[in-house]
There are 2 protein chains.
Amino acid sequence: MLMLSSVSLPRTHSLSELGMRSETNPMINFSKYTYLRGSEIYGEKESADYVYQVKSGTVRSCKWLPDGRRLIGAFHVVGDIFGMENGSTHRFTLQAVVDTTVRLIRRQSLNAIAERDCKLSKQLLDMTTCNLKHAEDHVLLLGRKSSPERVAAFILEMDERLAVAGILTLPMSRRDIADYLGLTLQTVSRSLSHMRELGILGFVGTSQRQIVLLDRQLFAGLDRQD
Amino acid sequence: MLMLSSVSLPRTHSLSELGMRSETNPMINFSKYTYLRGSEIYGEKESADYVYQVKSGTVRSCKWLPDGRRLIGAFHVVGDIFGMENGSTHRFTLQAVVDTTVRLIRRQSLNAIAERDCKLSKQLLDMTTCNLKHAEDHVLLLGRKSSPERVAAFILEMDERLAVAGILTLPMSRRDIADYLGLTLQTVSRSLSHMRELGILGFVGTSQRQIVLLDRQLFAGLDRQD
DNA sequence: CGTCCATTTGATGCAGGTCAATACCTGTGG
DNA sequence: CCACAGGTATTGACCTGCATCAAATGGACG
């Protein structure tokens with residue numbers, strides 16, 4: 001559910017690198033929207049009409065089983081692109097984790113270009129391959145890693161993408177993390193507490209969402225893939 | 001699609017030997033090759049020089065954690081294509097589950113065609129998207145489904161791809177199934193036994209690998225995604 | 001018919017789930 | 001500035017589903 005819209009000039013970021021800037025009218029191709037914390041950007045099985053790039057905030061990509069069990073397939077943070085489907089419908093529901101602003105473009109125009117432009121086509125393939133690699137790593141994590149290993153992998157993944165000046169500020173709740181890692185929120189909390197007790201991680205001041213990694217070696221040891 | 005040739009190469013486990021053979025005869029795009037049960041087709045992080053199609057048999061695609069825990073990301077059966085990477089190296093190790101014959105083509109020549117032919121380029125994207133969808137479903141299964149749900153989903157997936165005249169003949173062991181489902185082989189065996197007791201599934205004669213689905217309704221109920 | 005695996009089945013343990021209480025942010029209003 | 005409310009996080013006690021350990025059984029093939 002969208003709050004405000006305004007036309008914005010395309011910055012030189014990934015979406016424009018995809019070649020859309022050169023299309024007919026760049027002025028109306030990009031719009032900015034802001035979604036309130038918790039609101040839905042699009043639903044599973046909805047028609048995939050737009051491609052999005054996070055300008056600020058964080059987005060979660062999730063699926064549900066019929067009885068309400070939820071799984072989060074990915075988090076998208078500033079700079080990330082999401083919503084680009086090869087088929088005609090979305091396979092996940094996308095929701096704002098916190099108030100989030102996105103840029104968007106009609107997918108139709110992207111596909112139109114892709115049919116003529118092999119280079120763009122290649123870039124779409126690269127994007128899909130990147131998502132595939134992430135899903136494959138996630139499969140290994142969910143299929144064979146213990147709970148502390150999962151939490152360590154998560155912290156490292158987020159630290160790479162979100163840390164500023166050595167401080168990782170998590171935008172998502174323990175429940176979100178749990179649904180990303182195939183655990184319960186209690187288990188996530190216990191793992192984090194345990195890591196703090198071990199001194200390999202610390203919280204900043206009073207915050208429960210700001211983390212400092214104190215022993216990257218140990219984290220890497222927990223996380224190494226093979 | 002392309003179909004031709006049945007040049008049998010000498011049995012060897014060296015990919016480079018295959019490569020030399022192909023290069024000396026550039027006119028032959030496809031070669032046939034047979035891998036013995038259990039042998040490796042290629043290893044994780046090896047250079048991705050060939051794309052394969054299963055002619056007969058079954059292949060498993062796996063990763064290991066440093067301590068030996070294994071996860072199988074996918075099984076490839078007759079007709080399936082595997083080994084097509086966007087990057088330069090393979091991300092999984094591929095092994096023959098049973099004696100398996102594959103057709104193969106140098107990836108290089110495929111890429112060469114793709115650069116000129118947008119249609120092929122689109123097909124590569126479709127293939128990758130298909131793999132992505134499979135991985136995403138697998139993530140949901142591993143992250144949030146119970147053991148009987150996982151086994152039911154597996155049986156249905158294989159039934160769709162392998163069943164002949166109502167009989168599903170599994171080429172892989174209970175351990176392979178377990179490593180695909182993020183379980184132990186005992187849990188897989190118990191789930192199957194339980195399903196047989198419930199009468200929703202039966203084994204053919206004396207075999208432990210030939211399955212008949214007796215109650216598709218119940219299976220679908222266990223498996224439905226949302 | 002004996003050897004070698006694969007599979008099943010049983011007994012027991014434990015990692016992580018469930019239930020429940022407490023503590024802790026954060027925002028609002030006095 | 002404090003008080004209170006409502007969501008979020010931590011922590012504890014207990015439970016259970018699946019893993020682990022351990023036989024026993026079965027099937028394939030010499």
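Just so you know, these numbers use all the heavy atoms, side chains as well, and skip hydrogens, waters and symmetry mates. Numbered from 1 within each chain, the chains take letters A, B, ... in sequence-line order.
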(message) Could you write out DNA chain D as dot-bracket? Rules: Watson-Crick or G-U wobble, both distances under 3.5 Å, brackets [ ] for crossings, | for pairs with another strand, dot for unpaired.
(response) ||||||||||||||||||||||||||||||
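We find that CG of A:Leu192 is positioned 10 Å from P of D:dA9, with the value rounded to whole Å. Rounded to an integer number of Å, the gap from B:Arg174 CZ to D:dT25 C1' is 14 Å. Spacing between atom CG of A:Asp176 and atom C1' of D:dT8 amounts to 12 Å, rounded to whole angstrom units.
Side chains of A:Leu192 and A:Ile155 form a contact here, defined as non-hydrogen atoms less than 4.5 Å apart. In this structure, the side chains of B:Leu141 and B:Leu181 come closer than 4.5 Å at one or more pairs of heavy atoms. Within the 4.5 Å cutoff, the side chain of A:Val151 has heavy atoms near those of the A:Leu183 side chain.
Between B:Asp49 and B:Ser47, the closest heavy-atom pair is OD1-OG, 2.8 Å. Contact detail for A:Thr100 and A:Gly57: the closest heavy-atom pair is OG1-CA, 3.6 Å. Listed here is the closest heavy atom pair of A:Val188 and A:Ala178: CG2-CA, 3.7 Å.
To the nearest 0.5 Å, the span separating CG on A:Asp99 from OG1 on A:Thr58 amounts to 11.0 Å.
Partner A:Ser61 forms a side-chain contact (heavy atoms from CB on, under 4.5 Å) with one of A:Ile41, A:Leu94, A:Thr93, A:Ile72 and no other, that one being A:Leu94. Partner of B:Phe75 under the ring pair (Phe, Tyr, Trp, His ring centres under 6.0 Å) criterion, out of B:Phe92, B:Phe82, B:Tyr180: B:Tyr180 alone.
The side chain to side chain donor-acceptor pair (under 3.5 Å) test applied to A:Arg144 returns B:Asp179, not counting sequence neighbours. Applying the side chain to side chain donor-acceptor pair (under 3.5 Å) test to B:His194 and every residue at least two apart in sequence or in another chain returns nothing.
In the 5' to 3' direction, nucleotides of DNA chain C lying under 4.0 Å from heavy atoms of chain B begin and end at C:dA6 to C:dA11.
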(request) Determine, for nucleotides 12-20 of chain D in 5'-to-3' order, which nucleotides have protein heavy atoms under 4.0 Å from the base (write B), from only the sugar-phosphate (write S), or from neither (write -). (result) BB----SSB
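Within the nucleic acid shown, A:Arg37 comes within 4.0 Å of sugar-phosphate atoms alone, with no base atom in reach, counting heavy atoms only.
Contacts with DNA chain C (heavy atom under 4.0 Å) in residues 195-213 of chain A: A:Thr206, A:Gln208, listed by number.
Figure legend: cation-pi geometry between A:Arg106 and A:Tyr50, with NZ or CZ positioned under 6.0 Å from the six-membered ring centre and within 45° of its axis.
A salt bridge links A:Arg70 to A:Asp176: at least one charged side-chain nitrogen sits closer than 4.0 Å to a carboxylate oxygen.
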